[in-house]
2 protein chains.
Amino acid sequence: MPNTKVLPLLDPAAGGSAAAPCCPPLTERPLDAGEAETAARMFKALGDPVRLRLFSAVASHEGGEACVCDISDVGVSQPTVSHHLKKLREAGLLTSERRGTWVYYRVEPSVLAAMGQILTGRPAAAA
Amino acid sequence: MPNTKVLPLLDPAAGGSAAAPCCPPLTERPLDAGEAETAARMFKALGDPVRLRLFSAVASHEGGEACVCDISDVGVSQPTVSHHLKKLREAGLLTSERRGTWVYYRVEPSVLAAMGQILTGRPAAAA
DNA sequence: GGTCTATGTCGACCGCCGTCGAAGCAGATG
DNA sequence: CATCTGCTTCGACGGCGGTCGACATAGACC
């Protein structure tokens, strides 16, 4: 099971895969403890340079997905790459799927839009 | 000197305080090491629940600024609040100014727009 | 089955970071 | 000057987390 545990960062009650942020925009009102905990998990996942490069590599790869072997050249050992990809998966930012010999990662739809909306307060365009 | 060191997260060569992101959108191309280092600093600063609450409290406060005493009720000691506000300052997300007895914090203009653009790829509206 | 490649997991090391109490500093006020 | 309040800095503690080498696992292929 490649996807061990995906945290519920998006409100599933919003129907389909629409961007439903976990929290109001930061400028709307002070976040409470629970909202802050949830949102901080997402930002924290992108708060490491290696993870940010891996995420960007997947997000910008043709077809919207990338094999681990395509993105492993970030200057750290292979176990470390695997470790960071797991963190991104657990944060709900990436999903993974094994196809034959290789494992492909892709960006969880609507996560980018949701995070953008928390920051800017603007509903992001449909992905 | 309240502002000990503000990291240059925005490109000052863009004229004025316009939103000039340090990096291309994550979906455009893989970030290089330097870009990832810079962008990760911003996300990391918001990757702590206490810091996120403090930032949100300042960002949503009337007048766009808040005294430390207005936002200190986040469940940690006052030195810890000060520590986190310093981190947010050093990350370039907040500025501070002493006026008489109190110290006021405000959100660095265009930072929210810049981060949003990195995520969504869309130029954010003027704040 | 045996082996080879691609990933993930384990265990250990170590530095970073969030936390606190105590002390220091800056203005205000008397 | 003395003192009080608001905030920052200091020093210490403890745990989280990034990193690696070694090992385990999953398919592919012979």
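When reading the values below, keep in mind they use all heavy atoms of this one structure, side chains included, and skip hydrogens, waters and symmetry mates. Residue numbers start from 1 in every chain, and the chains themselves are labelled A, B, ... in the order their sequence lines are given, proteins ahead of strands.
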Between atom [atom1] in [X] and atom [atom2] in [N], what is the gap in whole Å?
| X | N | atom1 | atom2 | value |
| --- | --- | --- | --- | --- |
| B:Glu97 | C:dG27 | CD | C1' | 15 Å |
| A:Leu94 | C:dG8 | CG | P | 11 Å |
| B:Gln78 | C:dG18 | CD | C1' | 15 Å |
| A:His83 | C:dC10 | NE2 | P | 13 Å |
| B:Leu85 | D:dG6 | CG | C1' | 13 Å |
| A:Asp48 | C:dG15 | CG | P | 17 Å |
| A:Lys86 | C:dC10 | NZ | C1' | 10 Å |
| A:Leu88 | D:dG17 | CG | C1' | 14 Å |

Assigning hydrophobic clusters by single linkage (Ile, Leu, Val, Met, Phe, Trp, Tyr; side-chain heavy-atom cutoff under 4.5 Å), is A:Leu88 placed with A:Tyr104?
no
Nearest-0.5 Å distance, [atom1] of residue [X] to [atom2] of residue [Y]:
| X | Y | atom1 | atom2 | value |
| --- | --- | --- | --- | --- |
| B:Lys86 | B:Ser96 | NZ | OG | 11.0 Å |
| B:Met42 | B:Ile118 | CE | CD1 | 4.0 Å |
| A:Leu52 | A:Leu46 | CG | CG | 6.0 Å |
| A:Asp48 | A:Phe55 | CG | CZ | 14.0 Å |
| B:Glu108 | B:Leu93 | CD | CG | 8.5 Å |

Between the main-chain N or O of B:Gly116 and the side-chain N or O of A:Thr120, is there a donor-acceptor pair closer than 3.5 Å?
no
Can any side-chain N or O of A:Arg41 pair as donor or acceptor with the backbone N or O of A:Ala91 at less than 3.5 Å?
no
Respond yes when some side-chain nitrogen or oxygen of [X] is under 4.0 Å from OP1 or OP2 of [N], and no when none is.
| X | N | value |
| --- | --- | --- |
| A:Lys87 | D:dG18 | yes |
| A:Lys44 | D:dG17 | yes |
| B:Tyr105 | D:dG6 | no |
| B:His84 | C:dC17 | no |
| B:Thr80 | C:dT19 | no |
| A:Tyr104 | C:dA6 | no |

Using a strict heavy-atom distance below 4.0 Å, which residues from residues 64-72 of chain A are in contact with DNA chain C?
A:Cys67, A:Val68, A:Cys69
Using a heavy-atom distance cut-off of less than 4.0 Å, which residues of residues 49-60 of chain A contact DNA chain C?
none
Of the non-hydrogen atoms in B:Arg53 and B:Val74, which two are nearest, and what is the gap between them?
NH1-O, 3.8 Å
Closest non-hydrogen contact found for B:Leu54 with B:Ile71 is CD2-O, 3.4 Å
Heavy atoms of other groups near A:Asp32 CG, more than 12 under 6.0 Å:
yes
Hey, does the Lys NZ or Arg CZ of B:Arg89 hover above the aromatic six-ring of B:Tyr105, less than 6.0 Å from the centre and inside 45° of the axis?
no
Listing time: all N or O pairs from protein to nucleotides 24-30 of chain D that are below 3.5 Å?
none

